[in-house]
Amino acid sequence: DDRAVNPLHAFVRKQIEVFTATPEEMRQPAPGRKQPIQLHQVGLRCIHCKDKPKESRVKRAVCYPSNLCRIYHAVSDMKFDHFARCKNLPPAERATFVLLKTEQDLNDDKKKKQGRTSSTSRYYLESAAKMGMVDGSGGIFMQSCAGAGAFRAPLLPKPHVSEAACVATVLAQQPLANGPISISPKTFLPPTVSLQEDTDIHHLNGIHCFVRKH
């Protein structure tokens, strides 16, 4: 993390843990969610709030990203909406958070920030795949718990395969097989795969949807 993302993101990632939903978590209220939480669905939560009473937690102490590409946005939301107000964040960690956030605000240049955001979101996607997370129907699951409807987000199998090809394969969402999937460079470069996905409209603005379609 320290080599791939800025200090504030590296710090926030240390304050978050990945978990899979148990029957108890499925019964927890989830205001604003359009779909119910599923058994074994992957969630993210603040390590300082996880064992605290619900009334002591502030907004976004727990979240369930809808897919791998949304993990970066979920953590960014937690960064601003949760950790800036977290009542259970220890004083030393709070001081570090405030310092890092202030430094980032002072150093941010809009053009550089846009490029960094793109590379950071790719890092989130790839690191989640390395942990064994896969896209499934209605959420993210760990590969070992994923059902027939899950999809595998493959890692770069060889150094010479481009990052763009990897992301294209994630978007193509290959069905998860029974056992490891063998990936060759040809897997990443099929001759007639459209970049457009049915879910684009839910995640991208109009111009991006149009460009991906064409």
Side-chain angles (χ1 to χ4, degrees), residues 1-21 25 28 30-35 37-38 40-52 57-90 92-105 107-108 110 112-136 138-143 151 153 155 163 166-167 170-171 199 202-205 208:
D1 285 4
D2 293 336
R3 295 190 299 271
V5 297
N6 67 40
L8 181 57
H9 267 281
F11 171 82
V12 169
R13 284 170 64 92
K14 291 177 183 177
Q15 317 307 315
I16 296 173
E17 70 177 12
V18 177
F19 70 98
T20 56
E25 270 109 24
Q28 296 293 321
R33 281 190 61 83
K34 297 180 180 179
Q35 297 180 347
I37 297 165
Q38 303 179 59
H40 302 312
Q41 184 173 345
V42 168
L44 308 175
R45 64 188 173 195
C46 170
I47 62 174
H48 308 290
C49 292
K50 66 175 185 176
D51 297 321
K52 302 297 182 181
R57 305 176 190 172
V58 297
K59 183 180 180 181
R60 298 193 193 278
V62 179
C63 66
Y64 293 86
S66 57
N67 55 56
L68 293 175
C69 293
R70 295 293 303 174
I71 293 176
Y72 166 74
H73 300 285
V75 173
S76 294
D77 289 342
M78 292 178 74
K79 177 176 66 176
F80 294 115
D81 295 338
H82 180 74
F83 290 107
R85 302 174 179 85
C86 180
K87 300 175 182 178
N88 301 308
L89 194 63
E93 278 74 9
R94 181 177 301 282
T96 299
F97 175 81
V98 171
L99 176 62
L100 292 175
K101 188 175 184 305
T102 301
E103 289 178 348
Q104 180 174 305
D105 291 342
N107 295 332
D108 263 344
K110 187 174 182 180
K112 292 181 180 179
K113 183 179 179 181
Q114 288 173 341
R116 185 171 65 244
T117 297
S118 178
S119 62
T120 301
S121 68
R122 286 197 298 270
Y123 175 75
Y124 270 79
L125 176 65
E126 292 169 4
S127 64
K130 287 180 182 179
M131 292 179 194
M133 299 184 208
V134 296
D135 281 339
I140 302 171
F141 299 85
M142 299 305 291
Q143 186 173 348
F151 299 96
L155 305 179
E163 182 178 70
C166 178
V167 175
V170 172
L171 291 171
T199 56
H202 302 299
H203 304 291
L204 303 172
N205 61 36
H208 272 282

List in chain and number order the residues that pass ring pair (Phe, Tyr, Trp, His ring centres under 6.0 Å) with [X], two or more places apart in sequence or in another chain; answer none if no residue qualifies.
X   : answer
F80 : none
F11 : none
H9  : Y72, Y124

[X]: salt bridge (charged side-chain N to carboxylate O under 4.0 Å, His left out) partners, not counting sequence neighbours:
X   : answer
K50 : E17
D77 : none
K79 : none
E25 : R45

Who passes side chain to side chain contact (heavy atoms under 4.5 Å, CB included) against [X], sequence neighbours left out?
X   : value
V18 : V42, L44, M131, M133
P90 : H48, E93
K87 : V58
A95 : none

Sequence neighbours excluded, which residues qualify as side-chain hydrogen bond (donor to acceptor under 3.5 Å, both in side chains) partners of D2?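 Per chain and number, D2 pairs via side-chain hydrogen bond (donor to acceptor under 3.5 Å, both in side chains) with no residue.
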